[in-house]
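The structure appears below as C-alpha coordinates.
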Amino acid sequence: MRATVMIGALAAGGLVVAITAGVLTVVQKDQMADAMRVATVSCNATLGPATTGPAGSGGADAARLTDDQRGTVALIIAIGKQRNLAPRAWQVAIQAGMTESGLRSLNYGDRDSLGIFQMRPSMGWGSPAQVTDPTYAVNKFYDVLLNVDDWENQRPGESAQDVERSAFPDRYHRWEAMAAHLIGTLGEVVNATGCGQGVGNLLPAPTAAAGAAINWALGQQGKPYQWGALTTHQNSFDCSSLMLQAYRSSGITLPRTSREQYWAGAMLPVEQAQPGDLVFWAYDRSDPRTIHHVAMYMGDGRIVEAQQNGVPVHIRPFKFTEGGLMAQAVRPGV
(Lines give C-alpha, C1' and ligand atoms only; values in the text may rest on other atoms or scores of the structure.)
Protein backbone atom coordinates (compact mmCIF):
# COMPACT_ATOMS: atom_id res chain seq x y z
CA MET A 1 0.00 0.00 0.00
CA ARG A 2 1.33 3.45 -0.91
CA ALA A 3 0.97 5.86 1.99
CA THR A 4 0.49 9.55 1.22
CA VAL A 5 1.55 12.28 3.62
CA MET A 6 -0.14 15.61 2.99
CA ILE A 7 2.42 18.27 3.84
CA GLY A 8 -0.07 21.07 3.51
CA ALA A 9 -2.85 22.74 1.58
CA LEU A 10 -3.06 26.47 1.02
CA ALA A 11 -6.27 28.12 -0.08
CA ALA A 12 -4.37 31.20 -1.24
CA GLY A 13 -2.76 29.31 -4.07
CA GLY A 14 -5.19 26.38 -4.26
CA LEU A 15 -2.20 24.07 -4.09
CA VAL A 16 -1.30 20.88 -2.26
CA VAL A 17 2.18 19.49 -1.73
CA ALA A 18 2.33 15.78 -0.94
CA ILE A 19 4.89 13.01 -0.53
CA THR A 20 3.71 9.58 -1.67
CA ALA A 21 6.12 6.67 -1.22
CA GLY A 22 9.06 8.94 -1.84
CA VAL A 23 7.32 10.90 -4.60
CA LEU A 24 6.81 14.66 -4.16
CA THR A 25 3.80 16.10 -5.94
CA VAL A 26 2.61 19.70 -6.38
CA VAL A 27 -1.01 19.86 -7.52
CA GLN A 28 -4.07 22.05 -7.77
CA LYS A 29 -6.22 21.54 -4.68
CA ASP A 30 -9.35 20.77 -6.69
CA GLN A 31 -7.52 18.20 -8.82
CA MET A 32 -6.39 15.91 -6.02
CA ALA A 33 -8.35 12.99 -7.44
CA ASP A 34 -6.01 12.72 -10.42
CA ALA A 35 -3.14 14.79 -9.05
CA MET A 36 -0.48 12.11 -9.13
CA ARG A 37 0.00 12.78 -12.83
CA VAL A 38 1.07 16.40 -12.18
CA ALA A 39 4.68 17.39 -11.45
CA THR A 40 5.67 14.07 -9.89
CA VAL A 41 9.25 13.40 -8.91
CA SER A 42 10.27 9.76 -8.60
CA CYS A 43 12.83 8.65 -6.03
CA ASN A 44 15.21 8.13 -8.95
CA ALA A 45 15.01 11.27 -11.12
CA THR A 46 16.44 10.36 -14.52
CA LEU A 47 19.18 12.18 -16.30
CA GLY A 48 17.31 11.86 -19.55
CA PRO A 49 18.58 11.27 -23.10
CA ALA A 50 21.78 12.72 -24.48
CA THR A 51 20.16 15.78 -25.94
CA THR A 52 21.91 19.10 -26.16
CA GLY A 53 19.58 21.08 -23.89
CA PRO A 54 19.98 24.81 -23.20
CA ALA A 55 23.38 26.38 -23.82
CA GLY A 56 25.66 25.76 -20.86
CA SER A 57 23.56 22.89 -19.49
CA GLY A 58 24.97 19.44 -18.73
CA GLY A 59 23.65 18.03 -22.00
CA ALA A 60 24.92 20.95 -24.07
CA ASP A 61 28.38 20.79 -22.51
CA ALA A 62 28.54 17.04 -23.07
CA ALA A 63 27.47 17.42 -26.71
CA ARG A 64 30.50 19.64 -27.37
CA LEU A 65 33.03 17.03 -26.23
CA THR A 66 35.24 15.48 -28.89
CA ASP A 67 35.56 11.74 -29.42
CA ASP A 68 38.90 11.82 -27.57
CA GLN A 69 37.34 13.58 -24.60
CA ARG A 70 34.45 11.14 -24.49
CA GLY A 71 37.00 8.34 -24.67
CA THR A 72 38.62 9.70 -21.52
CA VAL A 73 35.21 9.75 -19.82
CA ALA A 74 34.62 6.16 -20.88
CA LEU A 75 38.01 5.17 -19.44
CA ILE A 76 37.26 6.90 -16.13
CA ILE A 77 33.94 5.06 -15.89
CA ALA A 78 35.38 1.70 -16.98
CA ILE A 79 38.18 1.81 -14.39
CA GLY A 80 35.72 2.97 -11.76
CA LYS A 81 33.51 -0.02 -12.51
CA GLN A 82 36.50 -2.40 -12.48
CA ARG A 83 37.42 -1.13 -9.03
CA ASN A 84 33.80 -1.35 -7.80
CA LEU A 85 33.76 2.36 -7.04
CA ALA A 86 30.50 4.25 -6.64
CA PRO A 87 29.36 6.52 -9.49
CA ARG A 88 30.12 9.50 -7.24
CA ALA A 89 33.84 8.64 -7.64
CA TRP A 90 33.49 8.67 -11.43
CA GLN A 91 31.83 12.07 -11.24
CA VAL A 92 34.64 13.51 -9.11
CA ALA A 93 37.22 12.25 -11.61
CA ILE A 94 35.32 13.58 -14.63
CA GLN A 95 34.96 17.04 -13.07
CA ALA A 96 38.64 17.10 -12.09
CA GLY A 97 39.80 15.92 -15.51
CA MET A 98 37.62 18.42 -17.38
CA THR A 99 38.86 21.26 -15.18
CA GLU A 100 42.55 20.38 -15.30
CA SER A 101 43.04 19.34 -18.92
CA GLY A 102 39.73 19.36 -20.76
CA LEU A 103 39.76 15.54 -20.40
CA ARG A 104 42.92 15.23 -22.48
CA SER A 105 46.24 13.61 -21.59
CA LEU A 106 48.47 16.66 -22.01
CA ASN A 107 52.25 16.49 -22.20
CA TYR A 108 52.56 20.03 -20.87
CA GLY A 109 51.13 22.17 -18.08
CA ASP A 110 51.95 24.58 -15.27
CA ARG A 111 55.48 23.85 -14.05
CA ASP A 112 55.81 20.08 -14.44
CA SER A 113 52.08 19.28 -14.42
CA LEU A 114 51.16 16.57 -16.94
CA GLY A 115 48.37 14.30 -18.08
CA ILE A 116 44.60 14.25 -17.58
CA PHE A 117 44.77 15.49 -14.00
CA GLN A 118 47.90 17.65 -14.37
CA MET A 119 49.80 15.50 -11.89
CA ARG A 120 53.29 16.69 -10.98
CA PRO A 121 56.12 14.14 -10.97
CA SER A 122 58.06 16.43 -8.64
CA MET A 123 55.28 16.08 -6.08
CA GLY A 124 55.33 12.29 -6.04
CA TRP A 125 52.50 11.52 -8.43
CA GLY A 126 54.68 9.28 -10.60
CA SER A 127 57.17 9.56 -13.43
CA PRO A 128 56.39 11.70 -16.49
CA ALA A 129 55.72 8.53 -18.46
CA GLN A 130 53.34 7.28 -15.80
CA VAL A 131 51.26 10.42 -15.26
CA THR A 132 50.80 10.84 -19.03
CA ASP A 133 49.53 7.26 -19.30
CA PRO A 134 45.72 7.62 -18.98
CA THR A 135 45.18 4.27 -17.26
CA TYR A 136 47.84 5.00 -14.66
CA ALA A 137 46.55 8.56 -14.14
CA VAL A 138 42.94 7.48 -13.57
CA ASN A 139 43.96 4.76 -11.13
CA LYS A 140 46.27 7.15 -9.29
CA PHE A 141 43.48 9.73 -9.03
CA TYR A 142 41.16 7.12 -7.53
CA ASP A 143 43.89 5.98 -5.11
CA VAL A 144 44.22 9.49 -3.72
CA LEU A 145 40.47 10.15 -3.72
CA LEU A 146 39.80 7.07 -1.60
CA ASN A 147 42.05 8.50 1.10
CA VAL A 148 40.05 11.74 1.31
CA ASP A 149 37.94 11.81 4.47
CA ASP A 150 34.19 11.64 3.81
CA TRP A 151 34.61 12.12 0.06
CA GLU A 152 31.39 10.20 -0.63
CA ASN A 153 29.29 12.77 1.23
CA GLN A 154 30.86 15.93 -0.16
CA ARG A 155 29.88 17.82 -3.25
CA PRO A 156 31.92 16.25 -6.11
CA GLY A 157 33.80 19.47 -6.83
CA GLU A 158 34.92 19.67 -3.21
CA SER A 159 36.34 16.15 -3.39
CA ALA A 160 38.09 17.02 -6.66
CA GLN A 161 39.70 19.97 -4.90
CA ASP A 162 40.81 17.73 -2.03
CA VAL A 163 42.69 15.59 -4.56
CA GLU A 164 44.04 18.37 -6.77
CA ARG A 165 44.75 21.08 -4.16
CA SER A 166 44.10 23.87 -6.65
CA ALA A 167 44.57 27.56 -5.88
CA PHE A 168 41.08 28.01 -7.43
CA PRO A 169 38.88 25.50 -5.57
CA ASP A 170 35.49 26.62 -6.88
CA ARG A 171 36.29 25.94 -10.51
CA TYR A 172 35.56 22.19 -10.24
CA HIS A 173 31.86 22.89 -9.66
CA ARG A 174 31.57 24.27 -13.21
CA TRP A 175 31.34 20.77 -14.68
CA GLU A 176 29.00 19.16 -12.15
CA ALA A 177 25.93 19.07 -14.39
CA MET A 178 27.91 17.80 -17.36
CA ALA A 179 29.55 15.02 -15.32
CA ALA A 180 26.19 13.85 -13.99
CA HIS A 181 24.77 13.90 -17.53
CA LEU A 182 27.70 11.86 -18.88
CA ILE A 183 27.37 9.26 -16.15
CA GLY A 184 23.74 8.82 -17.06
CA THR A 185 24.37 8.46 -20.80
CA LEU A 186 27.80 6.81 -21.03
CA GLY A 187 27.91 5.12 -17.65
CA GLU A 188 24.52 3.40 -17.84
CA VAL A 189 24.07 3.81 -14.13
CA VAL A 190 21.22 1.51 -13.18
CA ASN A 191 19.59 2.18 -9.80
CA ALA A 192 22.25 4.67 -8.76
CA THR A 193 20.09 5.98 -5.94
CA GLY A 194 18.83 2.60 -4.77
CA CYS A 195 15.26 3.04 -5.95
CA GLY A 196 15.22 0.06 -8.28
CA GLN A 197 14.42 1.70 -11.58
CA GLY A 198 15.94 3.47 -14.56
CA VAL A 199 19.12 5.39 -15.12
CA GLY A 200 19.86 7.29 -11.95
CA ASN A 201 20.65 10.87 -11.14
CA LEU A 202 23.31 11.02 -8.45
CA LEU A 203 21.20 13.51 -6.47
CA PRO A 204 18.65 12.41 -3.88
CA ALA A 205 15.12 13.26 -4.95
CA PRO A 206 13.20 16.11 -3.34
CA THR A 207 11.93 15.25 0.13
CA ALA A 208 9.46 16.56 2.68
CA ALA A 209 11.86 19.48 3.31
CA ALA A 210 11.32 20.70 -0.27
CA GLY A 211 7.56 20.36 0.12
CA ALA A 212 7.60 22.29 3.38
CA ALA A 213 9.68 25.06 1.79
CA ILE A 214 7.26 25.32 -1.13
CA ASN A 215 4.27 25.50 1.18
CA TRP A 216 5.88 28.19 3.31
CA ALA A 217 6.71 30.29 0.24
CA LEU A 218 3.19 29.89 -1.10
CA GLY A 219 1.86 31.16 2.22
CA GLN A 220 3.61 34.50 1.63
CA GLN A 221 1.69 35.31 -1.56
CA GLY A 222 0.52 38.90 -1.68
CA LYS A 223 3.18 40.23 0.70
CA PRO A 224 5.19 43.14 -0.68
CA TYR A 225 8.60 43.10 -2.28
CA GLN A 226 11.31 45.00 -0.40
CA TRP A 227 14.91 45.01 -1.58
CA GLY A 228 17.27 44.10 1.26
CA ALA A 229 14.38 42.87 3.39
CA LEU A 230 15.33 41.56 6.80
CA THR A 231 15.48 37.80 7.20
CA THR A 232 14.06 37.87 10.72
CA HIS A 233 10.49 38.97 9.96
CA GLN A 234 7.89 37.85 7.45
CA ASN A 235 6.10 41.01 6.33
CA SER A 236 8.08 41.69 3.14
CA PHE A 237 10.72 39.98 1.02
CA ASP A 238 13.26 40.28 -1.71
CA CYS A 239 13.99 37.26 -3.90
CA SER A 240 16.70 35.66 -1.77
CA SER A 241 15.16 36.37 1.63
CA LEU A 242 12.02 34.52 0.50
CA MET A 243 14.14 31.49 -0.41
CA LEU A 244 16.15 31.73 2.81
CA GLN A 245 13.11 31.85 5.07
CA ALA A 246 11.22 29.19 3.12
CA TYR A 247 14.04 26.70 3.53
CA ARG A 248 14.71 27.79 7.11
CA SER A 249 11.15 26.70 7.86
CA SER A 250 12.08 23.17 6.72
CA GLY A 251 15.33 23.03 8.70
CA ILE A 252 17.76 23.94 5.90
CA THR A 253 19.98 27.02 6.21
CA LEU A 254 20.76 29.07 3.10
CA PRO A 255 23.08 32.08 2.81
CA ARG A 256 21.61 35.54 2.37
CA THR A 257 22.12 36.56 -1.27
CA SER A 258 21.09 34.94 -4.53
CA ARG A 259 24.72 34.74 -5.65
CA GLU A 260 25.65 32.87 -2.48
CA GLN A 261 22.60 30.63 -2.72
CA TYR A 262 23.78 29.48 -6.15
CA TRP A 263 26.57 27.59 -4.37
CA ALA A 264 24.41 26.34 -1.47
CA GLY A 265 23.45 22.89 -2.72
CA ALA A 266 23.96 20.34 -5.44
CA MET A 267 23.75 21.54 -9.04
CA LEU A 268 21.81 19.84 -11.78
CA PRO A 269 20.83 20.81 -15.33
CA VAL A 270 18.10 23.41 -15.04
CA GLU A 271 15.83 21.53 -17.42
CA GLN A 272 15.85 18.68 -14.86
CA ALA A 273 14.74 20.94 -11.98
CA GLN A 274 12.17 19.44 -9.66
CA PRO A 275 9.79 21.00 -7.09
CA GLY A 276 11.73 22.88 -4.44
CA ASP A 277 14.86 23.42 -6.54
CA LEU A 278 16.16 26.97 -6.91
CA VAL A 279 16.51 28.61 -10.33
CA PHE A 280 18.63 31.68 -11.03
CA TRP A 281 18.95 34.56 -13.48
CA ALA A 282 22.16 36.45 -14.33
CA TYR A 283 23.21 39.35 -16.54
CA ASP A 284 25.95 37.07 -17.94
CA ARG A 285 24.99 33.39 -17.84
CA SER A 286 28.65 32.35 -18.00
CA ASP A 287 29.50 34.31 -14.85
CA PRO A 288 27.71 33.40 -11.57
CA ARG A 289 28.98 36.65 -10.09
CA THR A 290 26.34 38.45 -12.17
CA ILE A 291 23.37 36.53 -10.71
CA HIS A 292 20.63 38.98 -9.74
CA HIS A 293 17.51 36.88 -9.09
CA VAL A 294 16.44 33.55 -7.60
CA ALA A 295 13.07 31.78 -7.48
CA MET A 296 11.71 28.41 -6.38
CA TYR A 297 10.58 25.93 -9.02
CA MET A 298 7.24 24.29 -8.19
CA GLY A 299 6.96 21.87 -11.07
CA ASP A 300 4.33 21.93 -13.82
CA GLY A 301 5.94 25.02 -15.40
CA ARG A 302 5.54 27.38 -12.43
CA ILE A 303 7.71 29.25 -9.94
CA VAL A 304 7.06 31.21 -6.76
CA GLU A 305 9.11 34.37 -6.34
CA ALA A 306 9.55 37.84 -4.89
CA GLN A 307 10.29 39.54 -8.18
CA GLN A 308 10.69 43.31 -7.94
CA ASN A 309 9.45 46.56 -6.43
CA GLY A 310 5.71 46.98 -6.78
CA VAL A 311 5.11 43.27 -7.42
CA PRO A 312 4.07 41.18 -4.39
CA VAL A 313 5.13 37.57 -3.81
CA HIS A 314 3.37 35.52 -6.46
CA ILE A 315 3.25 32.39 -8.59
CA ARG A 316 3.88 32.77 -12.31
CA PRO A 317 4.33 30.57 -15.37
CA PHE A 318 7.95 29.66 -16.09
CA LYS A 319 9.92 28.34 -19.06
CA PHE A 320 13.41 26.87 -19.15
CA THR A 321 14.12 29.04 -22.19
CA GLU A 322 13.75 32.35 -20.35
CA GLY A 323 16.41 34.95 -21.06
CA GLY A 324 19.19 35.13 -18.50
CA LEU A 325 18.28 31.82 -16.86
CA MET A 326 21.34 30.03 -15.51
CA ALA A 327 21.95 26.59 -16.95
CA GLN A 328 22.13 24.97 -13.52
CA ALA A 329 19.43 24.66 -10.86
CA VAL A 330 20.39 24.11 -7.22
CA ARG A 331 18.94 21.55 -4.81
CA PRO A 332 19.32 22.93 -1.25
CA GLY A 333 20.25 20.59 1.54
CA VAL A 334 22.07 18.12 -0.77
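Each residue takes its place number in the sequence, starting with 1.
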**Report entry** Carboxylate-amine/guanidinium proximity below 4.0 Å for Arg256 and Asp238
**Finding:**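 Salt bridge present between Arg256 and Asp238.
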
Query - SB check Asp133 Lys140 (cutoff 4.0 Å) - result: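 Salt bridge flag = no for Lys140 with Asp133.
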
Compare every heavy atom of [Y] with every heavy atom of [X], then report the nearest pair and how far apart it is.
{"X": "Gly102", "Y": "Gln69", "value": "O-NE2, 2.7 Å"}
{"X": "Ala217", "Y": "Val304", "value": "CB-CG1, 3.9 Å"}
{"X": "Gln154", "Y": "Ser159", "value": "NE2-OG, 3.0 Å"}
{"X": "Tyr262", "Y": "Ile291", "value": "CG-CD1, 3.4 Å"}
{"X": "Val92", "Y": "Ala160", "value": "CG1-N, 3.5 Å"}
{"X": "Ala273", "Y": "Phe320", "value": "CB-CE2, 4.2 Å"}

**Report entry** Test side chain to side chain contact (heavy atoms under 4.5 Å, CB included) applied to Gln328 and Val270, step by step
**Finding:** CA-CA 5 Å; Gln328 284 77 38; Val270 71; 5.9 Å; no

With the side chain counted from C-beta on, respond yes when [X] and [Y] share a heavy-atom pair under 4.5 Å apart, and no when they do not.
{"X": "Met296", "Y": "Trp216", "value": "no"}
{"X": "Gln261", "Y": "Phe280", "value": "yes"}
{"X": "Leu65", "Y": "Leu182", "value": "yes"}
{"X": "Val163", "Y": "Trp151", "value": "no"}
{"X": "Phe141", "Y": "Met119", "value": "yes"}
{"X": "Gln221", "Y": "His314", "value": "no"}
{"X": "Ile94", "Y": "Trp175", "value": "no"}
{"X": "Glu305", "Y": "Phe318", "value": "no"}

Let me check something: do [X] and [Y] share a hydrophobic cluster, defined by ILVMFWY side-chain heavy atoms less than 4.5 Å apart, either directly or through other members?
{"X": "Phe117", "Y": "Val148", "value": "yes"}
{"X": "Tyr172", "Y": "Trp263", "value": "no"}
{"X": "Leu242", "Y": "Tyr225", "value": "no"}
{"X": "Trp227", "Y": "Val311", "value": "no"}
{"X": "Leu114", "Y": "Trp125", "value": "yes"}

Report task. Walk me through it: do Glu158 and His173 pass the test side chain to side chain contact (heavy atoms under 4.5 Å, CB included)? Result -> CA-CA 8 Å; Glu158 293 174 354; His173 298 312; 3.9 Å; yes

Between the main-chain N or O of [Y] and the side-chain N or O of [X], is there a donor-acceptor pair closer than 3.5 Å?
{"X": "Trp90", "Y": "Val73", "answer": "no"}
{"X": "Ser250", "Y": "Ala212", "answer": "no"}
{"X": "Arg331", "Y": "Asp277", "answer": "no"}

Query raised in the report: Mind checking what makes side chain to side chain contact (heavy atoms under 4.5 Å, CB included) contact with Thr72, not counting sequence neighbours?
Result: Ile76, Leu103, Ile116

Requested in this report: For the pair Arg83 and Leu146, evaluate side chain to side chain contact (heavy atoms under 4.5 Å, CB included) and give the outcome as yes or no after the intermediate values.
Outcome: CA-CA 11 Å; Arg83 296 182 57 155; Leu146 295 177; 3.8 Å; yes

Requested in this report: Name the orientation class of the two ring planes belonging to Trp281 and His293 (parallel below 30°, tilted from 30 to 60°, perpendicular beyond 60°).
Outcome: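 The rings of Trp281 and His293 sit tilted, inter-plane angle from 30° to 60°.
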
**Report entry** Pairs where residues 98-126 contributes a residue and the test salt bridge (charged side-chain N to carboxylate O under 4.0 Å, His left out) is met, not counting sequence neighbours
**Finding:** Glu100-Arg171, Asp112-Arg120

Query raised in the report: Should the heavy atoms of other residues, nucleotides or ligands under 6.0 Å from CG of Asp287 be counted, would the total exceed 12?
Result: yes

